[in-house]
Amino acid sequence: MALTGTIEDIVYRNEENGYTVARLEKDDSVVTVVGKFIDVKIGAQVTLDGKFEKTKYGVQYAFSSYEMSLPKSLAGIEKYLGSGLIRGVGPITAKKIVERFGTETLDILEYSPQKLSQISGISEKKAIEIGFSFKEHREVQNTIMYLQNFNISTNMALKIYNIYHEKTTEIVKNNPYKLVEDIDGIGFLTADKIAQNVGIPRTSPFRVRAGIIHVLKTSCEKNGNTYLPKKMLFDEASTALELSLDENEDVFRDAFESLCMDKTAVSTFVDGVEIVMLCKYYYFENIIAQKLMWLAVCHKEEKWDVSKEIESFEQRNHITFHEEQKRAIVGAINNGVFVITGGPGTGKTTIIKCILEILQAQSKQVSLSAPTGRAAKRMSDSTGCEAKTIHRLLEVNAVQDDRSFFVHNESNPLKTDCVIVDEVSMVDVALMASLLKAMPRDCKLILVGDKDQLPSVGPGNVLADILGSGIIEYAMLSKIFRQDEKSLIITNAHLINEGKMPLIDNTSLDFFFESKNELELIKDTILELATKRLPNYLKMDPKQIQVLAPLKAGVCGIENLNKVLQAAINPPSPEKRELEFVRTIFREGDKVMQMANNYDLEWRKQGLFAVETGKGVFNGDIGFIQTIDQQTGEIIVEFEDGRVCKYTRIDLGDLSLSYAITIHKSQGSEFDVIIIPAIAGPSIILTRNLIYTAVTRAKKMVVLVGEKQYLKRMVSNKYTATRFTNLKRLLIEANEKLGQLFEEEK
């Protein structure tokens, strides 16, 4: 049974899947309708196909399909135009347009929009813009409806349209595999399903090319590799494509050659083995190697005697540096590139303060930086000088082009004499390459981090490769200095790193183990600790307590823990608006985390004298939801550093609840109190450096909940996933080439 009418009100809408509860006006009566709309606004004219059903909410019309038509009555046209669908047209302007053009209004908008300039307040330029917006809206709707035939969500459909615009349908019909290369979030499996629907053969060169890219991308993004051996790449692509290599050798060869020809991938040899890299990672690692060697060579002759400065710092701060700490300070001052690495309590922060004072006394401009907002704030607090995230230091480009995401690059370098980067273990090749490109040729670079932490979430193994090359000067700190008598956090971190069980007799003031042997009991104990026992004992807000879990799924995975913690810490209330998005309920007051870099998201921040504005929110940023607009699906988030961002529905996929986060996501951050479930899981995940990383995130207290046998397994498990990276070899090669150049000059 078909039902035609006008949308009078939207009661509820899930912006991700389009599920909507609305009120439809039909023949002077109002009907409640439920179903999935791609995009719908009050005033839209629709024809629905479905049936009436009795529910606990009363009789409703459930529809399975619909058609959107333009309104015919003057009142309907006015409501449609004034609904916010058309840029530049609100209720007042809509009324003026309909009064002037009557039933011809929609034809004027589509075919002769310049005539709108006859209306007072509408310039010729604005008239053209209104006409363009009207046509674009119709085009977007048609495109999204087409894409939804392939089970592509409204948000993803909008993302695809924003890349291809009017060519979207044509590209999807002819080569849906192009989406794999161009659209973040569209994987090979999605593109493959579309291709099967539109009749593209399984042995198509487009499909094989996409399969190879899919394997390379997955290897980089999920496993941290920057390359794969060609044989391994082809074997994995063959499995993913379900195509025999022997039977389709020509297709694989041609697809691979096309990738190399158009510079999507590059092939080279390492120790006689052919390897394949996506071109951007080849470029990143080469930039890092070349620039590091250049910076190192530029300062090779520089030798400063800073013994008096070190002695003065010791006297003023009532400390005595160990010899290894002094060597680190002298090395940092006298080298163009220097690495300081050591575990917690080895004095890295104090060393940074001393280096900073010495350089400033020499009238050097020093830039302090870290990968995350939390790490940058900790650096600021400990040194008394402003530290910025690397992204903020480089400044996200307001108008991004193919050349650079950042304002500061090789054409516009930073105005600084030295850059000190803390928590460098979590910097991936893309970010390190961007930083190095922006450094002046005579600039000094000091890298500080813990080599035993987890490697970066993103591709590469920058710190390990730099240290492993033996080319860049470094200092390894081992002696522990910062440790309270009754504190066990630092002691236990080092014990774990040595493969020894931590002290868990619960007699310290800051390291505890709650023994529970069932997952439900572990979950309930974590909930009680996070919401009642620890907040009451420590007199702190539960939102300040951070749960760090090794796994995403399961009873004690972050997905389930976030639900139970949200329900206890920030329960539903008539005073709090909420929005459902992909099985997650976001509620005003919720603690949330940005899950991917978004260079386009705008922010504002109240400074001391004025409001700062900028672009860019980054992976790992934590904040709180201020307000939610249920009609538009917009969420306002204030991050811990004061930046305030508006998330539209297209950006919400990057946002996650963060009462509980994975240990990987905690890298570079520091929390007063952490709770860690000690549970069973895959041995390739539950490793020594995972639990070591978790424990070193705590400033004041660590509480482990679970079974000691699983903690012991983690501590004993020194498995480290091998990453295929090329930076170490490139550094060695770059050093050899420089050596040859110097020999030739002599």
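All heavy atoms count here, side chains included; hydrogens, waters and symmetry mates do not. The residues of the chain are indexed from 1 along the displayed sequence.
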Could you tell me whether K217 atom NZ has more than 12 heavy atoms of other residues or ligands within 6.0 Å of it?
-> yes
Side chains of N597 and N619: donor-acceptor distance under 3.5 Å anywhere?
-> no
With respect to L394, which candidate in N409, V407, N412, L435 satisfies the side-chain contact (heavy atoms from CB on, under 4.5 Å) definition?
-> L435
Verify whether one side chain among K543 and N570 offers a donor that lies under 3.5 Å from an acceptor in the other.
-> no
Any luck finding a side-chain donor-acceptor pair between T627 and R577 under 3.5 Å?
-> no
Working for salt bridge (Lys or Arg N to Asp or Glu O under 4.0 Å), residues E99 and K95 = CA-CA 6 Å; E99 284 177 351; K95 186 176 181 64; 3.7 Å; yes
In Å, rounded to the nearest 0.5 Å, how long is the span from CD1 of I10 to CZ of F37?
-> 8.5 Å
Centres of the F624 and F639 rings: under 6.0 Å?
-> no
Is the number of heavy atoms from other residues, nucleotides or ligands within 6.0 Å of CZ (R23) greater than 12?
-> no
Under 4.5 Å between any side-chain heavy atoms of Q60 and V33, yes or no?
-> no
For K173, does the NZ atom have more than 12 heavy-atom neighbours from other residues, nucleotides or ligands under 6.0 Å away?
-> no
Does a donor on one side chain and an acceptor on the other come within less than 3.5 Å for Y647 and Q594?
-> yes
Donor-acceptor pair between T20 and R13 side chains, under 3.5 angstrom = yes
Between R87 and E129, is there a side-chain N and carboxylate O pair less than 4.0 Å apart?
-> no
How long is the span from the CG atom in L601 to the CZ atom in F618, to the nearest 0.5 Å?
-> 9.5 Å
Would you say the side chains of T55 and E53 form a donor-acceptor pair under 3.5 Å?
-> no
Separation between CD1 of I160 and CG of L147, rounded to the nearest 0.5 Å | 5.0 Å
E578/R587 ion pair, N-O < 4.0 Å | yes
Any luck finding a side-chain donor-acceptor pair between Q45 and T6 under 3.5 Å?
-> yes
Quick one: pull up CD in Q566 and CG in D590 and give me the separation to the nearest 0.5 Å.
-> 4.5 Å
With no hydrogens and no angle check, is any side-chain donor or acceptor of T105 less than 3.5 Å from a backbone partner on G102?
-> yes
Can you tell me if D262 and T264 form a side-chain donor-acceptor pair at under 3.5 Å?
-> yes
Determine yes or no for a side-chain-to-main-chain donor-acceptor pair under 3.5 angstrom, with S204 supplying the side chain and I200 the backbone.
-> no
Report yes if some heavy atom in the side chain of L259 is under 4.5 Å from a heavy atom in the side chain of R209; otherwise report no.
-> yes
Pair Y177 and F206, ring centroids less than 6.0 Å apart | no
Are side-chain N/O atoms of Y12 and E580 paired as donor and acceptor at under 3.5 Å?
-> yes
Does atom CZ of F134 have more than 12 heavy-atom neighbours, drawn from other residues, nucleotides or ligands, at distances under 6.0 Å?
-> yes
Taking atom CD of E634 as the centre, report whether more than 12 heavy atoms of other residues, nucleotides or ligands fall under 6.0 Å from it.
-> yes
